[in-house]
Amino acid sequence: MPELPEVETIARNLAKGDEQTPSVLGQKIVSSSIFWAKTVAEPDLLSFHSAIKNQSVLNVSRRGKFLIFDLDHAFLLIHLRMSGDLIMRYADMPLPLSKPLVPHDHVYLHFADNWHLAFNDTRKFGRVWLTPDPNHILSKLGPEPFDPKLTDVNFADKLRKHKRQLKPLLLDQSFIAGLGNIYTDEALFEAGLNPRRQSNSLSFDDSSRLLRAIRKVLQLGIEHNGASIDWAYKGGGFQNYFQVYQQTGNPCPRCGNPITRTVIGQRGTHFCERCQPLI
DNA sequence: CCTGAAACCTGTCTGC
DNA sequence: TGCAGACAGGTTTCAG
């Protein structure tokens, strides 16, 4: 489910808590459960269990689509990939657990007072890393879309350095971090650019418009707490504002032409052939 | 360097 | 109803 706005929403909600749920901040991890070994990318399971025990959660943040939990002596990185979700849950059960409490739960961080953070992931693509040096993973990422250091000039330069179709380039996390299939389609529509357009063919105005469009759709996504179009994530409302994503055959909100679906780089891609012509 | 295909997984929906 | 095939918000790896 998660792209930048969804991951941002999850990070904020975990930090905030609500009437019934405590914040994850300040929680001390008393033990951990792992039900699907491959979910833990690093270190090995024994080291993970022993290293994470007795550490407290000092902060939660996001970089690209990674969640970053600052612990006392390490960082816990979590990537939710396609179907991952994180849930603070209360369960008064004796530990250790031999089986997950809910189908598709793969990792628990057990806190004091019977609360735990559950990593639930139907498709098992998600991964967690416990490491003293998050940079060896995060440094591969391109700039944050909202980083003020990413200027129009800067972005135009980056686009010109590649000769790639816009859609797969924007999905490339080393080019820019945080965009996924929804927000890429929405941003290209907002900017009026064809998803197959070669990145080095854009005018300066085109690239400025694209950067503005990326920020606009991500901002809108964050304001609506992300998009919920699937079974796992129920928080967001951005799905009610899709202009082209999953709107195949529906009239383009700008010109009325039916929205087209095609496949580019193995990803379903939605756009308006009239508003986003391939020049 | 670029593109496309396959792999990692499970669940849902569509069409015959 | 049953079943094959397509498809799903992601990323990595490999071939051409």
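Order of the sequence lines sets the chain letters (A, B, ...), proteins ahead of strands, with each chain counted from 1.
- For A:K140 and C:dG10, the NZ to P distance is 19 Å, given to the nearest whole Å.
- Residues A:H224 and A:Y241 bring their aromatic ring centres within 6.0 Å.
- Candidate nucleotides B:dC9, B:dG4, C:dG10 were compared by shortest atom distance to the side chain of A:Q165, and B:dG4 ranks first.
- The neighbour count for A:D205 CG, taken as heavy atoms of other residues, nucleotides or ligands under 6.0 Å away, is above 12.
- The side chain of A:K124 sits closest to B:dT10 out of C:dG9, B:dT10, C:dC7.
- At whole-Å resolution of the value, CG in A:D85 and P in C:dG10 are 15 Å apart.
- Between the side chains of A:D85 and A:N120, no donor N or O sits under 3.5 Å from an acceptor N or O.
- If you check every strand for non-hydrogen atoms under 4.0 Å, A:R196 touches nothing.
- Between A:H79 and A:F66, the ring planes lie perpendicular to each other; the angle is over 60°, past the 30° to 60° tilted range.
- Residue A:W36 places its side chain closer to B:dC9 than to any other of B:dC9, B:dC2, C:dG10.
- The side chain to side chain contact (heavy atoms under 4.5 Å, CB included) search around A:S23 returns A:L25, not counting sequence neighbours.
- Comparing C:dG9 with B:dC2, their C1' atoms sit 25 Å apart, to the nearest whole Å.
- Note on A:K65: a side-chain N or O is less than 4.0 Å away from OP1 or OP2 of C:dG10.
- Ring pair A:F238/A:Y183: centre-to-centre distance below 6.0 Å.
- The separation of C:dG5 from B:dA6, taken at their P atoms, amounts to 14 Å, rounded to a whole angstrom.
- For A:H79, no side-chain nitrogen or oxygen approaches OP1 or OP2 of C:dG10 to under 4.0 Å.
- Taking 4.0 angstrom as the limit, A:Q173 places none of its side-chain polar atoms (N or O) nearer than this to OP1 or OP2 of C:dG10.
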Study note, to complete from the structure: Symbol by symbol from the 5' end, with Watson-Crick or G-U pairs under 3.5 Å, [ ] crossing and | another strand, DNA chain C is .|||||||.|||||||
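- For the pair A:L169 CG and B:dC2 P, the interatomic distance rounds to 8 Å; values are reported in whole Å.
- To the nearest whole angstrom, the two P atoms, one in B:dA5 and one in C:dC7, are 13 Å apart.
- Atom CG of A:L218 and atom P of C:dG9 are 16 Å apart (whole Å).
- Dashed line: the shortest gap from a side-chain N or O of A:H106 to OP1 or OP2 of B:dC9 is not under 4.0 Å.
- The nearest heavy atom of DNA chain B to A:K163 and to A:Q266 marks one nucleotide each, and the one closer to the 5' end goes with A:K163.
- For A:H104, whose side chain is taken as the heavy atoms from C-beta onward, the closest listed nucleotide among B:dT10, B:dG4, C:dG9 is B:dT10.
- Counting any heavy atom pair closer than 4.0 Å across all strands shown, A:Y245 reaches sugar-phosphate atoms only and no base atom.
- Taking the six-membered ring where the residue is Trp, A:H270 and A:Y245 present perpendicular rings, their angle passing 60° and hence far from 30°.
- Distance check on atom P: C:dT11 versus B:dG11 gives 22 Å, rounded to whole Å.
- Between A:F155 and A:F175, the ring planes are tilted. Angles from 30° to 60° get that label.
- Taking side-chain N and O atoms only, A:K161 has no distance below 4.0 Å to OP1 or OP2 of B:dC1.
- Side-chain nitrogen and oxygen atoms of A:R123 include none within less than 4.0 Å of the OP1 or OP2 phosphate oxygen of B:dG11.
- Stacking of A:F125 onto the six-membered ring of B:dC8 is present: less than 5.5 angstrom between centres, less than 30° between planes.
- Whole-Å rounding puts the A:L159 CG to B:dC2 P distance at 12 Å.
- As rounded to whole Å, 15 Å separates atom C1' of B:dG4 from atom NZ of A:K167.
- Using a 30° and 60° split on the angle between ring planes, A:H106 and A:W36 fall in the tilted class, from 30° to 60°.
- A:R267 has no side-chain polar atom (N or O) that falls below the 4.0 Å cut-off from OP1 or OP2 of B:dT3.
- One interatomic measurement links the two molecules: CD of A:E3 to P of C:dT11, which rounds to 9 Å at whole-angstrom precision.
- Rounded to an integer number of Å, the gap from CZ of A:R81 to C1' of B:dT10 is 16 Å.
- OP1 and OP2 of C:dA8 both lie 4.0 Å or more from every side-chain N or O belonging to A:Q246.
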